[in-house]
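Because only heavy atoms are used, hydrogens play no part in the values below, and waters and symmetry mates are left out as well, while side chains stay in. In listed order, ligands and their atoms are each counted from 1. Counting from 1, the numbers follow the sequence of the chain as shown.
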Amino acid sequence: MKRPVGILTGGGDCPGLNAVIRAVVRRAGLEQVPVLGIKRGWDGLRDGDFAPLTRSSVAGILTRGGTILGTSRTNPLADADALNLIKKNFDESEMQGLIVVGGNGTLAAAREMFHRHKMPVVGVPKTIDNDLRGTDMTFGFDTAVSIATDAIDRLHTTAESHDRVMILEVMGRMVGWIAATAGIAGGADIVLVPEKPFKMSEIIKLIEGRRKRKLTFSIIVVAEAARPDDSEDFLSDETKTMLYNERNLGGIGRQLAREIEKRTDIETRVTVLGYTQRGGSPTPYDRVLATRYGIGAMELVLTEQWGQMVAMHGQKMTKVSLDLATEGPKELDPDLYRAAEIFFG
Ligand code: F6P
């Protein structure tokens, strides 16, 4: 009997997690390697809460959102007692390696477990935000963009019928990948991202410019961590603390609407897309990407390439070190933002 490989999913849920789990189990099955599914991220390893995943237990999950394993944002290094339990349970289970599917937080923890505690880990880049370095694309991003684009399409009807400014606030944590990509795809008139602090005077100029051209509505896409430029700050310190709390971002859309109504006579409405962006079934692109990541991760395990993360460069599946992947959030490509800007106003 070969030694099992463990798999856990950490951080926010994300479309495609189940596709990764299924692919790992199927690829491992070809080598008769058993797979242990660890429940609720690192918590399950701490509590010894894991069970075998089999071909039949992962049947039919490819198209399902969320994660059949559950997830948590627990940092395994935050508590010495928990860390000891994690190491003990890992050793006693005789796992040959651990596949960690997560975003920046979860994979940074995996990196530390590898370096400081010699745990044989392999990472899989998961996040709707697309903010992991070393890979062109994380799975979940395409689904989030498609949901946000659909929302922009739908907001257009109300915007046009009521001559309103419609603001769509999207997720993305500290980066603007979802906002810029969905903004281009949905034909947004203004896109605001954290990488480029905005000036209210310029936003008003764009809206007024559209009015002069008899375009009586505007669509603004704003990323949850977008903020005003220091030269034209209109938010109090208290509001900023509330909006830019990394554990629970959101609210800039409403502030923006208030400011637009103060400075123009145009009715302005806000839609906060929230968790719908990471809910439901993954797009075909994400199903394929997640499947390829799962296979790639299992192949890194089979070749004992610990401390690595599967990555996508162009159309090629490859790997990068977890050190590189977690060096800091991958900011929005300025070229992509320039493409969005061409269509402003
Ligand atoms: O990182 C994914 C993400 O959905 C972000 O876009 C968002 O800011 C955050 O997670 C929300 O996290 P939580 O599920 O903890 O509210």
So which protein heavy atom does atom 1 (O) of ligand 1 come closest to, and at what separation?
Asp129 OD2, 2.6 Å

Can you find a side-chain donor-acceptor pair between Glu208 and Thr264 that sits under 3.5 Å?
no

What protein heavy atom sits nearest atom 16 (O) of ligand 1, and how far off is it?
Tyr275 OH, 2.4 Å

List the atom pairs, with distances to 0.1 Å, where a side-chain N or O of residues 311-329 and a protein N or O form a donor-acceptor pair under 3.5 Å, not counting sequence neighbours.
from   : atom 1 : to     : atom 2 : distance (Å)
His313 : NE2    : Gly134 : O      : 2.8
Lys319 : NZ     : Gln305 : OE1    : 2.7
Ser321 : OG     : Leu324 : N      : 3.1
Asp323 : OD1    : His115 : NE2    : 2.7
Asp323 : OD2    : His115 : NE2    : 3.3
Thr326 : OG1    : Arg111 : NH1    : 2.7
Thr326 : OG1    : Leu322 : O      : 2.7

Looking at Tyr244, does the NZ or CZ of Arg227 lie under 6.0 angstrom from its six-membered ring centre and within 45 degrees of the ring axis?
yes

Mark up the atoms of ligand 1 that fall under 4.0 Å of a heavy atom belonging to Glu224, in ascending order.
5 (C), 6 (O), 7 (C), 8 (O)

Side chain or backbone of Arg73 under 4.0 Å from ligand 1, or both, or neither, by non-hydrogen atoms?
side chain

Nearest-neighbour protein heavy atom for atom 9 (C) of ligand 1, which is reported as residue plus atom name and distance
Arg173 NH2, 3.4 Å

Using a plain distance cutoff, I'd like to know if Gly12 has any nitrogen or oxygen under 3.5 Å from a nitrogen or oxygen of ligand 1.
no

Measuring from non-hydrogen atoms of Asn248 to any atom of ligand 1, is the shortest distance under 4.0 Å?
no

Are any of the side-chain nitrogens in Asp47 or Arg40 under 4.0 Å away from the carboxylate oxygens of its partner?
yes

When you measure from the centre of the six-membered ring of Trp306, is the NZ or CZ of Lys118 closer than 6.0 Å and no more than 45° off the axis?
no

Keeping the roles fixed (side chain from Asp131, backbone from Val175), state whether a donor-acceptor pair exists under 3.5 Å.
no

At a 4.0 Å cut-off, with the gap strictly under it, does some heavy atom of Gly172 reach an atom of ligand 1?
yes

Please determine whether a side-chain nitrogen of the Lys or Arg among Glu299 and Arg27 lies less than 4.0 Å from a carboxylate oxygen of the Asp or Glu.
yes

Looking only at protein heavy atoms, which one is nearest to atom 4 (O) of ligand 1, and what is the separation?
Arg278 NH1, 2.7 Å

